[in-house]
Amino acid sequence: MDIDSETTSSKEDHQTKTIAVLLVGAPGSGKSTFCDKVILSASRPWVRVCQDTIASGKAGRRVQCIMSARAALKEGKSVFIDRCNLDRGQRGDFTTLSSLGAEVHAVVLDLPAKLCVARSVKRTGHEGNLQGGKAAAVVNKMLQNKDLPKLYEGYSRITFCSNENDVEEAIKMYSALGPKDTLQSGCFGQKNPDSEVQPGIMKFLKKVETPKYSTSQAKNSTSSEISADDSLCDKEPEKASSSCNDDVKGTGKNAELAEGTVADRGVSSLSNTPTLAFPSISTADFQFNIELASDIIVEKVEEYANKLGEAKLVLVDTSHGSKILSLVNLKAGRKRIDSSKFTTFVGDITKLYSEGRLHCNVIANTANWRLRPVGGGVNAAIFNAAGPELETATKERAKCLKSGSAVAVPLPSTSPLFWREGVTHVIHVLGPNMNPLRPDCLNNNYREGCKVLQDTYSALFEAFASIVKNEEKFLKGDNISGKPAESLVGKAKDHAPKSDQKVKRESTHESEKTKKFKGSQDGIESDGQGNLGSDRICGGTSKTWGLWAQALYHMAMDPGKYKNDVLEITTEVVVVNDLYPKAKRHILVVARKQGLACLADACEEDEVLLRKMHAKGLEWIQKFLLEDKSLIFRLGYHSVPSMRQLHLHVISQDFDSKHLKNNKHWNSFNSAFFRDSYDVIHEIGRKGRVTLKDNEQLLSKELCCHRCQRAQPDLLHLKAHITNCRIPFPLFLQEKWRLVRASTM
DNA sequence: GTTCTAGAAC
DNA sequence: GTTCTAGAAC
């Protein structure tokens, strides 16, 4: 059924298209049998090239296999390459057979190890003399290191067989191929969901198992909502078609398990390693020689792979038949570049996560010298996908770009590329131009051209290294002493906001405070410490703070008076439990600085304070996680707070609280009204201030689950839904600095 | 920030 | 009848 009859008939008068089939499989997987069966019944002429017998009946070398295959193809015969071919290095050279006009296929006999072992132990008279007791050890060893083929290695088709039935089907299919028939291109029959992510990429991603949901999402990004829901509910198939807000109770343990699984295996690992995706520079529109370019890529990758620590590099191209990817793969294989640090990937660089499940937080753009979103290719695609945000952010950084250089642009969180794909930076690069129709053509001067291309890759990788370094610095909490808080460490337990006692206590206190101020008109008078009462300048506009709204301010100014209520006091912050916690854990880190009523008041000089507040929040999260490691936290600010004095919310994402009572509560923590501490710090660092959004609109928007983003009719449904929903958090939250969980601490 | 209340909407 | 929403008061 895969036979492409249309193609066949349209090529009626063309010459026979030869095929080179690489069999991939452990000893005992049935490669030789496969070849023999096809050759016996096929009308197309086939030749079997077997490394075990190629040297006058004895085992030969890979080169001999290639020579032999080339000879057969030149005679118009199709060939089977009968050797294990279990890793990329072993397979590399065979894809070059396409230069003879042959289609290169791979047939993977990925049968259970047990079966392969059993067969190879039992057999007698094996050509390679791999039989008996030693076979078991060899097969096992080989299978441990297997790295199945990917389309981007240069195959036009890969057929996976995972059981004997599949093998029989594949044999029939190849047997049925007449001299002029062809098979449909692509990847077929792979049962393992990893295949959807391009198999080899899993090694690159430290072989993390992809969660089930990713398969459906990757397959059909436009209907990910439904797919995601289906996979979520697969424990209860009958509920799969309805939304998961059904009253599926008693999920406690299961839910926890599911969460743990998701966090541990899939997305978090995918998201946390800094990864740069880059297209091949100058080889498209700038017509740089591909052979030379591939040498330079491999040379530069080799140079930087180790300098970059844990960070990873991915060369991306949209085309399956990409010559540059094949060449780079081959050369990287020869140089034994660590495939967990560098890989190639076939896909759209603007959709790596949504379509390929590959999360790259930084992507490179082959820009033009004006840094304008014009033209075609990668540049237009990236500007288009990133929206006007990239253009604006780029203008802030640079006006133009010299060839051989790079400029890194942080992407605003409003850019679709940021929130959909998890891209935080775009690095624009400009390589050498060999195209006479484009500016600054080097007229085939490859001496100069190679130097410029080397410089461009160096600039790109340096810029990436600098981004990685900054992120690390941020995560370490630069300038912050790692010491635990001196004053009230260990109070987490004592002050757990579990009991209502605490709330009541603060409640009482608050009413006392209020009583205290009852006599004063409008509350504008001095608070007794020479500070203004309720009139503050907030972000340039005067804002009146009601008396009730000043409790935090008073605590921050004179925490000694509130010793029973504060969890911790330092010279710069006080930490308190939120009076009305909206989740199991919900604390506030309050700045003690005068004149800092809210986020709008924060300016450049406050960056250090904001970092310290963040670090303090992390310290407390660490304590909370000791008690309940299933909690997941988010740290952030309300765009326009109700309470005077800048305070950082540190809140667990269960939202399991009787105090969460209305839409505004929900949206204040689950819309752009809630500004992640990470983003606030970066924005202050870059612009010296924080931009705030239209708040009323944000707070009254419809209720959406913070995980699956599915809209809920009202708060009751939402609450029921979130107790069950285990869809992973949206990508922009997956960054470890936005969501904090046990596995990321 | 919460609570209370009244009127609208269902 | 119940639920939702907005405004006032604290």
- A:E572/A:R592 ion pair, N-O < 4.0 Å: no

- Under-4.0 Å salt bridge between A:R585 and A:D628: no

- Item | Ring-face cation of A:R644 near A:Y553 (centre distance under 6.0 Å, axis angle within 45°) | yes

Short N/O separations, protein against nucleotides 1-8 of chain C, under 3.5 angstrom:
none

- Task: Using a 4.0 Å heavy-atom cut-off across all strands, classify A:H647 as base, sugar-phosphate, or nothing.
- Result: nothing

- May I ask you to say what A:K664 touches in the nucleic acid, namely base, sugar-phosphate or nothing, with a heavy-atom cut-off under 4.0 Å? nothing

- Message: Check A:K687 with A:E604, please: is the shortest side-chain N to carboxylate O separation under 4.0 Å?
- Response: no

- Between A:L692 and A:L599, which heavy-atom pair has the shortest distance, and what is it? CD2-CD2, 4.1 Å

